[in-house]
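The block underneath contains the structure these notes are about, expressed in structure tokens.
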Amino acid sequence: MLPLRPATLAFEPPAAMPLIQLISALAGDNELAVVVTDGLLLASGPHILYVNAAFERLTGYASQELIGASPRILQGPATSLAARKRLSKALRAGQRHSTTLVNYRKSGEPYRCAIDMFPLLTPEGELFAAVALEREAPRRRGRRPAQGGED
């Protein structure tokens, strides 16, 4: 299998089909949870631009509650700071990154979340958005639930 590289678009967004419409068409009924964020890596975190129905089912949040919010809405006491920093560093470098960490549903229930994050770059190499594919990761046998996150 070939290694995946960050997606570099040969056009300036938005193009003929706006990015969110394109992702929605591809991921709308996918069973894998999909979230798209902007490329603004502020202290408060990036902002959610799109989630599919599977992401709503995974987290318990409706898309209206998530659009415009930071993905940090899903983090809590057991979310690994180290895993979050590695994810942020990869985004800033325009690199794909995979990790597993503890997120929290709207109900407050923690769950292990496997994340495969793809930065979307302009032709100049600037981050303008990121797409994350997420799923609930089963607890590994013989291991206690994570207290400080995974990776």
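None of these values were measured; they are calculated from a predicted model. FYI, the numbering just counts along the sequence from 1.
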(message) Would you compute the distance between atom CD of Glu109 and atom CG of Asn103 and round it to the nearest 0.5 angstrom?
(response) 12.0 Å
(request) State, yes or no, whether a side-chain contact exists between Val34 and Leu133 at a heavy-atom distance under 4.5 Å. (result) yes
(message) Holding to salt bridge (charged side-chain N to carboxylate O under 4.0 Å, His left out), I want the full list of residues that pass it with Arg135, two or more places apart in sequence or in another chain.
(response) none
(request) Hey, could you give me each pair passing side-chain hydrogen bond (donor to acceptor under 3.5 Å, both in side chains) that has a residue in residues 34-44? Not counting sequence neighbours. (result) Asp38-His47
(request) Using modelled atom types only, decide if a donor and an acceptor are shared between the side chain of Arg112 and the backbone of Pro138 within a distance under 3.5 Å. (result) yes
(request) For the pair Tyr104 (side chain) and Ala78 (backbone), establish whether a donor and an acceptor sit closer than 3.5 Å, ignoring hydrogens and angles. (result) yes
(request) Using a 4.5 Å cut-off on heavy atoms from C-beta on, say whether the side chain of Arg84 contacts that of Ser88. (result) no
(request) Return the minimal non-hydrogen interatomic distance between Pro46 and Pro71, and the atom names on each side. (result) O-CD, 3.3 Å
(message) For Lys106, give me all partners under side chain to side chain donor-acceptor pair (under 3.5 Å), at least two apart in sequence or on another chain.
(response) Glu65
(request) Run through the side-chain heavy atoms of Ile, Leu, Val, Met, Phe, Trp and Tyr, join any pair under 4.5 Å, and report what else lands in Leu58's cluster. (result) Tyr111
(request) Assess whether side chain to side chain contact (heavy atoms under 4.5 Å, CB included) is satisfied between Leu101 and Ile115, documenting all intermediate values. (result) CA-CA 8 Å; Leu101 51 73; Ile115 302 170; 4.1 Å; yes
(request) Could I get the full list of side chain to side chain donor-acceptor pair (under 3.5 Å) partners for Glu136, not counting sequence neighbours? (result) Arg105
(request) Please name all residues satisfying side chain to side chain contact (heavy atoms under 4.5 Å, CB included) with Leu127, sequence neighbours left out, ordered by chain then number. (result) Leu41, Leu91, Pro119, Leu121
(request) Each residue besides Leu74 in its hydrophobic cluster should be listed here, by chain and number; the cluster joins Ile, Leu, Val, Met, Phe, Trp and Tyr at side-chain heavy-atom distances under 4.5 Å. (result) Val35, Ile48, Val51, Phe55, Tyr61, Leu66, Ile67, Ile73
(request) State, with a plain yes or no, whether a side-chain heavy atom of Glu134 is found less than 4.5 Å away from one of Leu32. (result) no
(request) May I ask you to list the residues sharing a hydrophobic cluster with Leu40, side-chain cutoff 4.5 Å, ordered by chain and number? (result) Leu42
(message) Suppose we screen for side chain to side chain donor-acceptor pair (under 3.5 Å). Which residues come up paired with Gln64, at least two apart in sequence or across chains?
(response) none
(request) Can you run down the salt bridge (Lys or Arg N to Asp or Glu O under 4.0 Å) pairs that involve residues 39-50, sequence neighbours left out, and say none if there aren't any? (result) none
(request) Kindly write out the residues that satisfy side chain to side chain donor-acceptor pair (under 3.5 Å) with Arg72, not counting sequence neighbours, or none if the list is empty. (result) none
(request) Supply the atom-to-atom distance Ser63 OG to Leu49 CG, rounded to the nearest 0.5 angstrom. (result) 12.5 Å
